[in-house]
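Some notes on the structure that comes next.
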Amino acid sequence: MGSLAQKLSGIVGSAFESQGLDKSFGTVRVADRPDLAQFQCNGAMAASKAAKKNPREVAGAIVEELQKNPVFSKVEIAGPGFININVTDDYLSAYLKETGADKRAGVSDLGHNETVVLDYGGPNIAKAMHVGHLRSAIIGDSIRRIMKFVGYKTLGDVHMGDWGTHMGMLIDDYITRGEEKIVLDTNLNSQSSIDALMEDMAERYPRASGAAKENPDLMARAHAATVKLQNKEQPHYGLWEKIRDVSIKGMERNYAALNVFFDLWKGEADVHDYIAPMVEDLQKKKVAIESDGAQVVPVAEESDKKEYPPLILYKRDGAVMYGTTDMATIVERVKLYNPNKIVYVVDQRQGLHFEQLFRAARKGGLVKAAVELTHAGFGTMNGPDGKPFKTRAGGVMRLDDLISMAEEKAKSRMDEAHLAEDMPAAEKADVAHKVAIAAIKFADLQNSRVADYVFDLDKLTSFEGKTGPYLLYQAVRIKSLLRKAGYDITKSSPLMLADVDRPLALLLTELPDSIEGAVKNYFPHHLCDYAYRLAQAFSSFYGNCHILSEENKALRDSRLSLCAQTYRQLELTFGLLGIDIPERM
RNA sequence: GUACCCGUAGCUCAACUGGAUAGAGCACCUGCCUUCUAAGCAGGGGGUUGCAGGUUCAAGCCCUGCCGGGUACGCCA
């Protein structure tokens, strides 16, 4: 179906065709000069070359054609050859009625049920989740929700880091100190028992890892332990299984708090059995060769402007690396799901790794040429000082600590504003939680994915301006209004558009553009921008006319209908961002 | 050293991939709560888009060269 601008593009495109010009020149967009028109088409200027006429002449012919069409209330030429367009209120109303009733809110089916695997987890099972996992989870989960909505079959995979040298270090430390019982005696049904092991690892892992870096003997032992683990030898493998089970419990808690969902709870270890046959195959194809005692896939190409190190499959000591498991994961995904796309939502700093991986995968014929492999990388989350985010003490902040801090801030801010005072404690805590998550997620998602961003807890919990809580507030306000009016939120009434209504009505036609823009480049921030503009347009509308006291019944119903549609769009958009709206606040 | 990313209002960020007068939020200033939730609304000041060239009807966006910041560059993930 598409946005209103897309529909108009079809009409204007036909007008270009009737002049013997390509219909793509007819692309219509929302005007960036609302004082001049509702929509604009810039194609006449681009088409003037092909037509060998001056731009205003081309535009003139198009305008003449369009003026015959009753959907337009105004079509005129401006400046060097812009075509400015207004539509009639009837046409606008009919569009809103149609999309308001549509299951997909007017968005076209872009996915065609194609399968896409999304990789946006990557927590390490040797330690508790920390802020470094936040962006991946938030952005990746949002992309998954968006793609699912536009018709893709989506599979989100947590893809745990559970098979590398770090596990060898940790497990070797338990064994050499004879402290295996700490792991093995952990009771999976007891939160305190789980916490105890997590705390033990939180102390042990950095110490073991630091010691191994200092001491080559320890590092050699860690590598040996890693090989034993990867060969599933005991007691290494048994310890590993328990650590993994305990860690998953912690991950589940964290991801549930963030309202981040995964279809697949897989890890590097799950693909272990694919590795040997895959490497054999690559060796047979001469794609994998020996180099410095390691087995590698060279990925450099003639035309390269920089150096591409090979992807290492087996290190000199025979252990595998993350490139190996990533390759094997592609093999598994192709075998089990046959995806059309695989999207990795991973820190931008791993860009080179993914270039190597994709080249090696294609060179080895692991995926068909038509399969899209994308690294949707993101920038660093910095603190207010502009450097990577740290605790006050300079350490890495745990994810659950960060969430509690945001909840505390949300709670105290609600108290200050005397909000939710009459609520039962449980509901109040739930609202504070939703406000905190909305604050964190919106602050992250509103920035362009590729850029670094500053995470300033004080700022994003100040609850003013372009923030998650502001958006929740507007949504809740609409809901409350509709409740008071006794107007069914799913209903729609015939629209009567006065000057105060029109900006909101026009904005409501843009939803498909913002969703499609978000899908195209895996950019959720386009959706944030739309949600914010919508909330603001509503707030302005709300301030400019008093709806409940409106005496003209038809106008009152029309406005309630606009409110309901605005709410439904906000709810949909927040849903795609992974943000929950409380009933009241 | 080589490659990639970034540089936009005092601060934090947008700009629908080349369109008209570069937009928001915070901060600052002026109004608005005895009517639907003021976490709000209406308005104001604030810019040589790092610098210099180039491409074209049109450049924050594309090309070249500088300046400044970040990141990555074989046996970690």
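Letters go in sequence order (proteins before strands), and every chain restarts at 1. Nothing here was measured: the structure is a model prediction, and the numbers come from that model. The analysis underlying the following values was restricted to heavy atoms, covering all of them including side chains, and did not include hydrogens, waters or symmetry mates.
- For B:C33, the O4'-C1' to base torsion is within 90° of 0; the nucleotide is therefore syn.
- Between the CD atom of A:Q356 and the C1' atom of B:A72 there is a distance of 10 Å, rounded to whole Å.
- Dashed line: the shortest gap from a side-chain N or O of A:R56 to OP1 or OP2 of B:C57 is not under 4.0 Å.
- The distance from atom CG of A:L527 to atom P of B:C16 is 16 Å, rounded to the nearest whole Å.
- The distance between atom CD1 of A:I478 and atom C1' of B:G40, rounded to the nearest whole Å, is 13 Å.
- In this structure, CE of A:M129 is placed 19 Å from P of B:A77, rounded to the nearest angstrom.
- Within the nucleic acid shown, A:H525 comes within 4.0 Å of sugar-phosphate atoms alone, with no base atom in reach, counting heavy atoms only.
- Map A:G122 and A:N447 each onto its nearest nucleotide of RNA chain B; the residue landing nearer the 5' end is A:N447.
- Nearest-nucleotide mapping onto RNA chain B: of A:Q474 and A:N42, the residue sitting toward the 5' end is A:N42.
- At the phosphate of B:A77, OP1 or OP2 sits under 4.0 Å from a side-chain N or O atom of A:T165.
- In this structure, A:F25 and A:F16 have tilted ring planes: the angle between them lies in the 30° to 60° band.
- As judged by a 4.0 angstrom heavy-atom cut-off over every strand, A:Y532 is placed among residues touching the sugar-phosphate backbone only.
- In this structure, the ring of A:Y120 has its center no less than 6.0 angstrom from the ring center of A:H159.
- Among the nucleotides B:G70, B:A38, B:U35, the one closest to any side-chain atom of A:S549 is B:U35.
- Base orientation of B:U37: anti (glycosidic angle beyond 90° from 0).
- Residue A:Y542 is in base contact, counting any heavy-atom pair closer than 4.0 Å across all strands shown.
- Using a 4.0 Å cut-off between a side-chain N of Lys or Arg and a carboxylate O of Asp or Glu, A:D444 and A:R449 do not qualify as a salt bridge.
- Here B:A77 presents its P atom at 12 Å from CG of A:L311, a figure rounded to the nearest Å.
- Closest contact between the side chain of A:V454 and the listed nucleotides B:U12, B:A77, B:U21 involves B:U12.
- Both the sub-6.0 Å distance and the 45° axial angle are satisfied by A:R477 relative to the ring of A:Y542.
- Side chain of A:K49, nearest nucleotide from B:A3, B:C57, B:G19: B:C57.
- The aromatic ring of A:Y473 does not sit over the base of B:G40, since the test of centres under 5.5 Å and planes under 30° is not met.
- A:R207 and A:D173 are joined by a salt bridge, as a carboxylate oxygen and a charged side-chain nitrogen come within less than 4.0 angstrom of each other.
- A donor-acceptor pair under 3.5 Å is formed between the side chain of A:H272 and the backbone N or O of A:Q230.
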Give the dot-bracket string for RNA chain B, reading 5' to 3', where a pair is Watson-Crick or G-U wobble with both distances under 3.5 Å, ( ) marks pairs inside the strand, [ ] marks pairs crossing earlier ones, | marks a partner on another strand, and . marks unpaired. (((((.(..((((.....[...)))).(((((.......))))).....(((((..]....)))))).)))))....

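- A donor-acceptor contact under 3.5 Å is formed by the side chain of A:N84 with the base of B:A20.
- A close approach under 4.0 Å does occur between a side-chain nitrogen or oxygen of A:Q536 and OP1 or OP2 of B:G25.
- A close approach under 4.0 Å does not occur between any side-chain nitrogen or oxygen of A:H353 and OP1 or OP2 of B:G74.
- Taking atom C1' on both B:C41 and B:A22, the two are 25 Å apart, rounded to the nearest angstrom.
- For A:I547, taking side-chain heavy atoms from C-beta onward, the closest of the listed nucleotides B:C36, B:C57, B:A3 is B:C36.
- A:A319 comes within contact range of no nucleotide atom at all, as no heavy-atom separation falls under 4.0 Å.
- Annotation: cation-pi geometry not satisfied between A:R29 and A:F39 (NZ/CZ under 6.0 angstrom from ring centroid, within 45° of ring axis).
- Using a 4.0 Å heavy-atom cutoff across all strands shown, A:Q40 reaches at least one base atom of the nucleic acid.
- You'll find that the side chain of A:K466 is closest to B:G25, out of B:U71, B:G25, B:C41.
- Contacts of A:H223 with the nucleic acid, taken as non-hydrogen atoms under 4.0 Å apart, involve only primed sugar atoms and P, OP1 or OP2.
- A:N521 comes within 4.0 angstrom of a nucleotide base, judged by non-hydrogen atoms across all strands.
- Here the P atom of nucleotide B:C4 and the CG atom of A:D304 are 11 Å apart, to the nearest Å.
- A:R316 comes within 4.0 angstrom of a nucleotide base, judged by non-hydrogen atoms across all strands.
- Listed nucleotides: B:A77, B:A24, B:A3. Nearest to the side chain of A:M321: B:A77.
- Among the atoms of the strands shown, base atoms are found under 4.0 Å from some heavy atom of A:K315.
- Between B:G25, B:G19, B:G40, one nucleotide has an atom nearer to the side chain of A:E464 than all others, and that is B:G40.
- Nucleotide B:A58 holds its C1' atom 15 Å from the CG atom of A:N54, rounded to whole Å.
- Across all strands, A:I312 comes closer than 4.0 Å to base atoms (heavy-atom distances).
- In this structure, A:G164 reaches the sugar-phosphate backbone alone: every heavy-atom distance under 4.0 Å involves primed, P, OP1 or OP2 atoms, never a base.
- When side chains are defined from C-beta on, A:V58 counts as touching A:L21, because their heavy atoms get closer than 4.5 Å.
- Using a 4.0 Å heavy-atom cutoff across all strands shown, A:D292 reaches at least one base atom of the nucleic acid.
- Taking atom OH of A:Y322 as the reference point, atom C1' of B:A77 lies 6 Å away to the nearest angstrom.
- Taking the six-membered ring for Trp and the full ring otherwise, the centers of A:Y453 and A:F378 sit at least 6.0 Å from each other.
- Here the two rings, on A:F358 and A:Y344, have centers that are under 6.0 Å apart.
- Separating the P atom of B:C13 from that of B:G7 is a span of 10 Å, rounded to the nearest Å.
- Under the 30°/60° scheme for interplanar angles, the aromatic rings of A:F389 and A:F455 are found to stand perpendicular.
- Here B:A38 is the nucleotide among B:A38, B:A24, B:A39 with the atom lying nearest to any side-chain atom of A:R477.
- Residue contacts shown for A:R29 include a base, since a base heavy atom lies under 4.0 Å away.
- You'll find a donor-acceptor pair under 3.5 Å spanning the side chain of A:S291 and the base of B:G74, going by distance alone.
- Here the side chain of A:Y470 is nearest to one of B:A20, B:C41, B:U71, namely B:C41.
- The side-chain tip of A:K520 does not point at the ring of A:Y522 from less than 6.0 angstrom away and within 45° of straight on.
- Once the 5.5 Å centre distance and the 30° plane angle are applied, the aromatic ring of A:H546 is found stacked with the base of B:C36.
- Using a 4.0 Å heavy-atom criterion, one finds that A:P55 contacts no nucleic acid atom at all.
- Of the listed nucleotides (B:A15, B:C57, B:C73), B:C57 has the atom at the smallest distance from the side chain of A:M45.
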